[in-house]
Each structure stands twice: as C-alpha cells, then as structure tokens.
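Quantities reported herein were computed from a predicted structural model and do not represent experimental measurements. All values below come from the heavy atoms of this structure, side chains included, with hydrogens, waters and symmetry mates left out.
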Amino acid sequence: MKQSNARQAAIAAVTSYKPIEKPLNFLDTPAKELFGSNTFNDAVMRDRLPKAVYKAVQRTIRQGESLDPSVADAVATAMKDWAIEKGATHYAHVFFPLTGITAEKHDSFLSPDGQGGAIAEFSGKQLIQGEPDASSFPSGGIRATFEARGYTAWDVTSPAYILENPNGTTLCIPTAFCSWTGEALDKKTPLLRSMQALNRQAQRVLKVFGHQDPGYVFATAGPEQEYFLIDRNFFFARPDLTICGRSLFGGKPAKGQEFEDQYFGTIPERVLACMLDAERELFKLGVPVKTRHNEVAPSQYEIAPVYENANVAADHQHMVMTTLRRVAEKYGLSCLLHEKPFAGINGSGKHLNWSLGTASANLLEPGNDTHENAQFLVFCAAVIRAVHTYSELLRVAVAHAGNDHRLGANEAPPAIISIFLGDMLTDIFEQIEKGGAKKSKSGGTLTIGVDTLPPLPKDAGDRNRTSPFAFTGNKFEFRAVGSSQSIAGPLVILNTIVAESLDFMATELEKATKGDAKKLNAAVQKLLQSVIKEHKAIIFNGDNYAEAWHKEAAQRGLPNHRNTVDALTAVAGNKTYAALFEKYKVLSKRELTARNEIYAERYCKDVNTEAQLCVTIARGQILPAAYRYQNELASTASSMKNAGMDPHLGSLEKMTGLTNGMEKAIDALQHALDHKADGDTLSHARHYRDEVLPAMLSVRKVADQLEAIIADDLWPLPSYQEMLFIR
C-alpha cells in the first residue's frame, strides 16, 4: 500500500468502526462488590491471616512500624492460596525504575516435585525479596554496566493485587527497587523515605500542640489524570505519535477548542464505553476513581480519584495509566498521555492534590473559625515556607522534555512557582503579619435568582486555575505535574521540603514554649508573623498567565526556569539541596547526583528521538508528497502553455519555494544532530535545547505550510482535523 493511501484507509476504517467486543454486563456484579475484589486488602488479610500476623502487618501499614520478617511465611502462604483461587499461576514483583514506567518480573508458583509432577510454592523469602537484573535500568553512575545485581523489596504498605489477562491472572506485589549497595534505583524507595521524614517532623509539631499519641501522619495524594483518545488507525498512520507520543507535524484545523464546546460536554458513546470499562478494571484493583469528564481540547478527557495514602496513590496512578492504555485498545482507541500530543490546543497535565493527616484528621483542614485554628495555620505556614525556600526543587520535579511544551502556555501554569491561598487565607495571614488575626472571611450564601433553586453555600473565595500551587479547601493542588509523569518524584520533593519546614517550625515552638502550654499561643503568633513576613513573596492570587506577573515575580526574586535544562542546571551540584535530602535520609548525595544525571540524559534521548524521526518523516513522507504535487503543478502549467493559455505560475512558484525551504530545513536539522557537543550531559542537553529543537521547529513550520496547499489525496499523514474530530 502506498503511504499516500494509508491515511485514506485509516479514515475509512474509523468511519466504519464497529465494537470489537460484546458490551460488558454491568448488572452482574454491583460496583460496590467489585471494588477491591482483586486486591489482597484488609478484609482478605483479616479473613486469611492468623490474628497475631494480621495485627503485625497492620501495625506496619497504619503505624509505620518495622515489619517482623517472621510473619512473612504466613502472609506468603495466604497470599499464594488467595491468588491461586483467583486463577494465578505466576507472581510478579512490580517496581518503578527511573525510566518512569512500571516494571515487573514474573515467576511461576509451580516447582517440580521430583516425581514427575509439580507443587505450588511461595515462601516468605520469595515474597520479601526478588532479584531482577538491574544492568539495563538507568543508574546515573551508581553502578558500572557490568554490575547487574539489583533487589526488589516487598512494600507491605501497598496492597498486592491480581492482574487479569484473557488467558490467566498474575499476583502482583508492589516493591521497592535498589542496587546491591542498597542505593535507590527507583521512584518508590525515596518516596517511602520522604513519608517517614514527614511523619517524624509532623509528630513534633503535633506534640507541641498537646497531642500525646496523634497517630502516624501520612502524606495523601489524589492525582487528576488528563489524556487524549484517538482512533488506533490514525495512531498507527502517524509514526510520530507511535514512537514519540506527540505529533511532530500538523497544521492548525479550522476548528480547535475556541468554541469551548468540548469542556464537560456530552461524552461520546464509544469513549464513554471505554471509560466505563477502564473504571470497572480499576475498581477491581481498589483504585478509588471518582470523576470522569470531557476536558478542554477535542478528544481530551480526565479521570480523577479520591485522595489516599501518597505511596498507594503513586502505585495506583501507574495502574491508571496502564489500564487506560490497555482498555483503550479494546475499543479501537489509543490513549495518549504525552503532555502535548497536538500543538495549538490544550495539553495534558496531572494535577496533584496533596495534603497530610492522621487516620482521623486532615491537618490542612481550616475549620469554621480558621483564624483561631492555630494548628492549621502552623501547618499551612510551613507549606508556604517550604515552597518559597525550595521552589527550584518543585520546578525541577516537573521538568522533562514533554512538559516543556506545556508549562507557560495558556493551558498550564508558568514555570514560576507561586502559591494561591484564596481571599480568606490571604486575609488571615495579612492580619497575622500586622499583629494578629481577629476574624475569618465567610462565604455566605449564593442566591441564583430562580425561585425553584435553593440557596447554595458560597466559598470564602474563588479558585485560581492559573496557579501552579493552589490551596483548594483542605489540600494543595500542584498543577504543574505532567500527564505522563509518575507522581512519586513530585511527592518526594513535597514531602521532604515540608518535613524540613515542619522541623523548623517545631524547633522554634519547642524553644519558645519549653513544654509550657501557656506560652504556646504567643509563640505561635510570633512564629507565624515571622514566617509570613519572610515568605509572603511566594503568595500570588492573580493571573499567572499575565506577562505583568513575570515582571513582578522577577522583582519578588522568584526564579523562572523556563525549560528543563535551566531547571536541572539550577539544582545540579547545589550543596544546600544535597544537604537537605541527606539530612532527612531521603536521598544520599550520590543518589541525588545520579538522578540529575539520569534526567538530563533522558532529556537528550527524548529530543534526539523526536529529531531523528522528524528527519525520517520529512524526507520519507512529506518531501515525496511535495515533489509529486510540484510535478502535477508543473505538468498542468506545461499543458496550459502548450495550449496557448496563461499557466498562472503562482501556485507552482509557491510550491517550489516551500519545497526548497523544506530541503534546507531538513539539512539544517541533520547538521544539528550530527554535531557532537562537548562537556557533560547538561552541555549536551543545552545543545539539544539551543540547536536541535529550533531546527525541528523550522522543519515543522515549512511542513505545516505544505500541508495546507498539497492536494489532499497526496498528503500522507492523518490531519489534526481527522484525528481530533473523527471518532
């Protein structure tokens, strides 16, 4: 098949789509019974484990106590029996290496019995520790290439689960992944360390406020996932989407999102069927997905869960991404998780809702009389201080090549980190700065003006969709996280910087009160006043998209690292940041340096792959189409001239100019790729940013102009109009 016909074939296949499978019977099992049915959850453990073993496991999960290895055999036996009853033949240690993907190694339960048969075995040792080959995972120099040993360690705080397949099931065990030296090679290990650090410092603050045994303090998270769904026929007809996850070419369609008729619109039937199926699978895995809706751009959607323990939420977020991709295929769709699959329309983020609390209380809940809630104000002020002091770390937590296409556009917050507090909290902290808070603004009642509609309670302030870090009632929403990212990295940063800030707050309050509760109120007021005076520059409730904010932010001294290379450069080798992670035992200096190296190298690989493919598509598909159309125009002009008519050469001249421009742009891009940058990995990254990316944009600019004039039957790539609007 000629490539020029592949696009037409894709359109024909999409418009004649029929469901691949029969509709699911959603009446056979109620969602309530379905939820958690494939997880080794609390109810299953209570039913299957000896009482003493169950209590020991629960102390680890709920109170952060060390796991007693002696209970592992009993847990392993119960887990194996439960999994086999669910059809499992294998178990897999699931981990999250620094590639950002989900990794797993499968092993069979069956072992030869020496008599021609087999028995099912699964010991506590096999549950606790696995040994996948670590040689092909990025380590940033932590180990040499020939050093292949790596270990997975059972994370008892995240439930094991059953992964279903049409031909069987697998028991999946969430694990941490480390090198032979015990250094972290994954996303989970530092996340667990950061949660431990956060708990220790939060406990100190709570004890100052008179809580003798407040319970373990958990970070909680609830990430909202944005994504695109397009037909798989279009997906496979676009090599750039297939390989890079984003379109390297594509002219602006006549209609984009400017009509604002997509957002929260009626969900297309095929898409809704896919969503329902994905939610059903996620319910089985205990993922508390709550919301679904159309997003701003055509063919863009969102799924959001209820927030939960941050470690479990990070694991569940990987499940959400995997499940969306897998289920989409059943409906002839492809799920795109890249931050900017299509230029010129809304990109995709992953708004990370973050809070902290005990089993019985959210520590960021303001309460009714917020100005009198000293404990909340201390925790809130600690977050403000942390974000201001370590804004560069928050920025680098979301820095990668994909997110560079999104941050700073009118769809996502800018690269400047600031905090939105809202009218009520801002007013309270302003009162504190001036001497003490006397009142809290109340929202009152919203009267709509229709007799049949009831009065509605009104919040004390509006929301701010342009802020990168916004307080939203009883949590903070970190809106700069990219849609394809693991949330573990941003959570590590958030937990660690807030732990440091709580350490500071606790130390100051302990010194001021010396155990005397009568001195607490005055100590709190003095501390809050000091923190707000020093860190109020980070608070901004206005329009983060406005150019005026960029100028004001610079005057306030807030950093603006506009791209990944700038962000990585700002933190690389910073002794203060290295000391922070070492102090709270989240990352050693070597582990931190390794991560910076890995992220810089990944940036280079991402841009290099896109650039190489840009050359391939431009030379192999777009230029041939341009030559054919140029030949058609030349033949037409020649025929007209031979017939004694004016050939009107304007179209041919324009086509010739663009074709020549395309050839030059491709050559310039190839030259940029052939150039070997000197220096370290960041030097290579700067070359890709400063030379390769601009050269890619030059090729695209000409290609998109060619798309607008080349005959439709010759253009090889499915257009934006087709991919986004033909469903």
Side-chain angles (χ1 to χ4, degrees), residues 36 39-83 91-96 122-130 151-162 171-178 182 184 186-203 206 211 213-221 285-288 307-316 356-361 488 491-492 495 499 584-586:
T39 61
F40 195 70
N41 55 28
D42 182 80
V44 175
M45 286 191 285
R46 191 187 305 113
D47 181 54
R48 290 176 175 266
L49 296 178
K51 192 173 183 178
V53 173
Y54 169 75
K55 288 184 176 181
V57 172
Q58 289 304 305
R59 285 195 297 272
T60 299
I61 296 173
R62 300 183 187 280
Q63 300 172 31
E65 292 186 7
S66 297
L67 178 68
D68 183 353
S70 66
V71 309
D73 280 328
V75 176
T77 299
M79 198 180 284
K80 176 201 69 176
D81 293 344
W82 171 78
Y91 66 93
H93 276 197
V94 177
F95 55 102
F96 308 106
F122 187 52
S123 66
K125 182 179 179 181
Q126 290 169 311
L127 169 62
I128 288 176
Q129 181 178 330
Y151 298 112
T152 51
W154 174 37
D155 175 17
V156 68
T157 66
S158 187
Y161 57 94
I162 293 292
L171 170 64
C172 295
I173 303 160
T175 64
F177 180 49
C178 63
D186 66 342
K187 300 279 188 179
K188 179 184 282 283
T189 301
L191 175 55
L192 292 171
R193 293 172 182 169
S194 72
M195 292 179 68
Q196 189 169 273
L198 183 68
N199 167 63
R200 286 173 179 160
Q201 303 310 321
Q203 294 278 354
L206 290 174
H211 301 278
D213 187 18
Y216 199 91
V217 177
F218 292 95
T220 58
L285 298 172
V287 182
Y307 60 87
E308 53 188 335
N309 175 300
N311 177 47
V312 177
D315 286 2
H316 281 171
L356 70 165
T358 65
S360 59
L491 283 171
V492 168
N495 294 343
Y584 297 99
K585 299 180 179 179
V586 175

Undergrad: Closest approach of T39 and G286, non-hydrogen atoms and distance?
TA: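 Nearest heavy atoms, T39 then G286: CG2-N, 3.9 Å.
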Undergrad: Before giving the answer on side chain to side chain contact (heavy atoms under 4.5 Å, CB included), spell out for V57 and R46 the whole-Å C-alpha distance, their side-chain angles and the decisive distance to 0.1 Å.
TA: CA-CA 10 Å; V57 172; R46 191 187 305 113; over 6 Å; no
Undergrad: What distance separates I128 CD1 from L67 CG, expressed to the nearest 0.5 Å?
TA: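 Between atom CD1 of I128 and atom CG of L67 there are 6.0 Å.
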Undergrad: If we ignore angles and hydrogens, is there a donor and acceptor under 3.5 Å between the side chains of N495 and Q196?
TA: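 No donor-acceptor contact under 3.5 Å links the two side chains.
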Undergrad: So among D315, N311, N309, T60, which one has a side-chain hydrogen bond (donor to acceptor under 3.5 Å, both in side chains) with T157?
TA: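 Answer after filtering D315, N311, N309, T60: N311.
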Undergrad: Can you give me the closest heavy-atom contact between L127 and A72, atom names plus distance?
TA: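 Nearest heavy atoms, L127 then A72: CD2-O, 3.9 Å.
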Undergrad: Does R48 come within less than 4.0 Å of D81, counting only side-chain N to carboxylate O?
TA: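 D81 and R48: not salt-bridged.
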Undergrad: The test is side chain to side chain contact (heavy atoms under 4.5 Å, CB included); show your working for V94 and I173 and say whether it passes.
TA: CA-CA 6 Å; V94 177; I173 303 160; over 6 Å; no
Undergrad: Going from CZ on F96 to CG on D186, what distance comes out if it is rounded to the nearest 0.5 angstrom?
TA: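 Reported to 0.5 Å precision, the distance equals 9.0 Å.
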Undergrad: Which value, rounded to the nearest 0.5 Å, describes the distance between K188 atom NZ and D155 atom CG?
TA: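 Going from NZ on K188 over to CG on D155, the span is 3.5 Å.
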Undergrad: Just so I know, are the side chains of D73 and S123 near enough to count as touching, which here means a heavy-atom distance under 4.5 Å?
TA: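 Touching, per the 4.5 Å side-chain cut-off.
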Undergrad: Answer yes if the ring centres of F122 and Y91 are under 6.0 angstrom apart, and no otherwise.
TA: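 Distance test on ring centres: under 6.0 Å, yes.
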Undergrad: Do the side chain of T152 and the main chain of G130 share a donor and acceptor less than 3.5 angstrom apart?
TA: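 Answer holds: yes.
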Undergrad: Could you grab the distance from atom CG of L356 to atom CD of Q201, nearest 0.5 Å is fine?
TA: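 Answer for the CG-CD pair, L356 versus Q201, is 12.5 Å.
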Undergrad: Could you go step by step and tell me if R62 and Q58 meet the side-chain hydrogen bond (donor to acceptor under 3.5 Å, both in side chains) rule?
TA: CA-CA 6 Å; R62 300 183 187 280; Q58 289 304 305; 2.7 Å; yes
Undergrad: Please name the pair of heavy atoms, one in W154 and one in M79, separated by the smallest distance, quoted to 0.1 Å.
TA: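 So the minimum-distance heavy-atom pair works out to CZ2-CE, 4.4 Å.
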Undergrad: State, to 0.1 Å, how close P214 and T358 come at their nearest heavy-atom pair, and which atoms those are.
TA: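 The answer is O-CG2, 3.4 Å.
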Undergrad: For the pair N41 and V44, evaluate side chain to side chain contact (heavy atoms under 4.5 Å, CB included) and give the outcome as yes or no after the intermediate values.
TA: CA-CA 5 Å; N41 55 28; V44 175; 3.2 Å; yes
Undergrad: Work out which heavy atom in H316 is nearest to a heavy atom in L285; give both atom names and the distance.
TA: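 Closest approach of H316 to L285: NE2-O, 3.9 Å.
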Undergrad: Answer yes or no: is there a side-chain heavy-atom contact under 4.5 Å between W82 and L171?
TA: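 They are in side-chain contact.
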Undergrad: List the atom of A160, the atom of P174, and the distance in Å for their closest heavy-atom pair.
TA: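 Closest approach of A160 to P174: CA-CD, 3.8 Å.
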Undergrad: Any heavy-atom pair between the side chains of Y584 and R193 that's under 4.5 Å?
TA: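 No. Closest side-chain heavy atoms not under 4.5 Å.
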Undergrad: Just how far is it from atom OG of S158 to atom CG of L191, taken to the nearest 0.5 Å?
TA: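 Reported value, rounded in 0.5 Å steps: 10.0 Å.
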Undergrad: Mind running side chain to side chain contact (heavy atoms under 4.5 Å, CB included) on F40 and Y161 for me, showing each step along the way?
TA: CA-CA 6 Å; F40 195 70; Y161 57 94; over 6 Å; no
Undergrad: Under 4.0 Å between a Lys/Arg side-chain N and an Asp/Glu carboxylate O for K55 and D68?
TA: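 D68 and K55: not salt-bridged.
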